[in-house]
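Letters go in sequence order (proteins before strands), and every chain restarts at 1. Since we're looking at a predicted model, the values are computed, not measured.
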Protein chains: 2
Amino acid sequence: MGQPNESLTYLLQKAAKQALVRLEADLADLDLNARQYLLLALVEHEHFSQQALAHKLGLDPTAVVKLVDQLEARGLLQRTRFADDRRQHRLTLTPQGRELFLQAAERQQKSERDFTRAIGSRRNELRALLGEIVAPTRSAGADE
Amino acid sequence: MGQPNESLTYLLQKAAKQALVRLEADLADLDLNARQYLLLALVEHEHFSQQALAHKLGLDPTAVVKLVDQLEARGLLQRTRFADDRRQHRLTLTPQGRELFLQAAERQQKSERDFTRAIGSRRNELRALLGEIVAPTRSAGADE
DNA sequence: TATTGTTATACTCTATAACTATA
DNA sequence: TATAGTTATAGAGTATAACAATA
């Protein structure tokens, strides 16, 4: 961003945006945006509460309400209650939700391979470098 | 984003956001956000028109109007007219603008070194990898 | 009394359309 | 007629505050 073309911060913004645009294009015909997909992926892996999701996604809890509303209305996930704390909603994918998630996950992987085609297998180096930078700083934004 | 922690797209979003948050924190006492700084950096390097800046920044031209309004009101840059096409505004840093930019540029470089401290000199590899991914795809978003 | 989720609301950002001055 | 810049406005996204249910 100093000489913009050389700045890592600037490059990261551009790369992140382009990766996002591509992913959303690749998910478009499943009628999922990246955030919806990520939520499905997280819920598929673990039955989060909405607050836990908000924290994990770096989102406002009220935004999660709307996200979950949309996905529930489409029959992709369900809200039930946690037995040990009935205030919390336990989110679970429906069979349709799981099926859609699996399709989306395939596309996501392809999208990422396509996006990083220029660097081939060095994408693993990129992943490692980003992981080292990101891991220690987990304060603001999407956490963990 | 499939298994979120392993996804490059997800890592890129997080890294980009954290880098941005850090940069804005490091520029805060100069009363500049990242976008304002980037605009100053571009104008310092070349006397852009507002449309050219909008294209370069991947912003709406109306957003550039407001950005330039703010910076001009603070006496950091000036609008004059291009001689060969008097519709276009030629943007130039004032002496104060240039001085503030130089201070901001120092902070930006330090911010970036701090952010990438964990990978040390391998930040050059990271820069190279990102450059290879980003360069070919210059369609959507912040261009060139 | 504190917390989860919800709703309503306000605020910010971005995009769209109409206008002016120049070409 | 088309383009650069401006303004006003609408829309999307996000944050804030108050409320109900549960702890």
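- Open room surrounds CZ on Arg86(B); 12 or fewer heavy atoms of other groups in view lie less than 6.0 Å from it.
- In this entry the distance linking CD of Gln50(B) with C1' of dT22(C) reads 15 Å, nearest Å.
- For a distance-only test at 3.5 Å, the side chain of Arg86(B) fails to qualify as a donor-acceptor partner of the base of dT22(C).
- Looking at heavy-atom distances under 4.0 Å, Arg79(A) makes contact with sugar-phosphate atoms alone, never a base.
- Checking side-chain atoms of Thr94(B) against main-chain N and O of Gly75(B) turns up a donor-acceptor pair under 3.5 Å.
- The line from NZ of Lys66(A) to CG of Leu59(A) is 11.5 Å long, rounded to the nearest 0.5 Å.
- The separation between Phe82(A) atom CZ and dT3(C) atom C1' is 14 Å, rounded to whole Å.
- Here Gln88(B) does not reach the OP1 or OP2 of dA21(C): none of its side-chain N or O atoms lies under 4.0 Å away.
- Judged by distance alone, the side chain of Gln96(B) and the main-chain N or O of Leu76(B) form no donor-acceptor pair under 3.5 Å.
- For Ser111(B) (side chain) and Arg107(B) (main-chain N/O), no donor-acceptor pair under 3.5 Å exists by modelled atom type.
- Atom CG of Asp69(A) is separated from atom C1' of dG5(C) by 10 Å (rounded to the nearest Å).
- With hydrogens and angles left out, the side-chain atoms of Gln108(A) and Glu112(A) include a donor and acceptor closer than 3.5 Å.
- Of all nucleotides in DNA chain D, those with any atom nearer than 4.0 Å to a heavy atom of chain B start and finish, going 5' to 3', at dA2(D) to dT7(D).
- Checked by atom type and distance alone, the side chain of Arg98(B) never pairs as donor or acceptor with a backbone atom of Glu44(B) at under 3.5 Å.
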B/S/- along nucleotides 11-20 of chain C (protein heavy atoms under 4.0 Å) is ---BBBB---

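- Position along DNA chain C of the nearest nucleotide to Val65(A) versus Arg81(B) favours Val65(A) as the more 5'-ward residue.
- When atom types are taken as modelled, the side chain of Glu24(A) and the backbone of Ala34(A) share a donor-acceptor pair closer than 3.5 angstrom.
- Atom CD in Gln51(B) sits roughly 13 Å away from atom C1' in dT22(C) (whole-Å rounding).
- With rounding to the nearest 0.5 Å, the separation of CG in Asp31(B) from CD in Gln36(B) is 7.0 Å.
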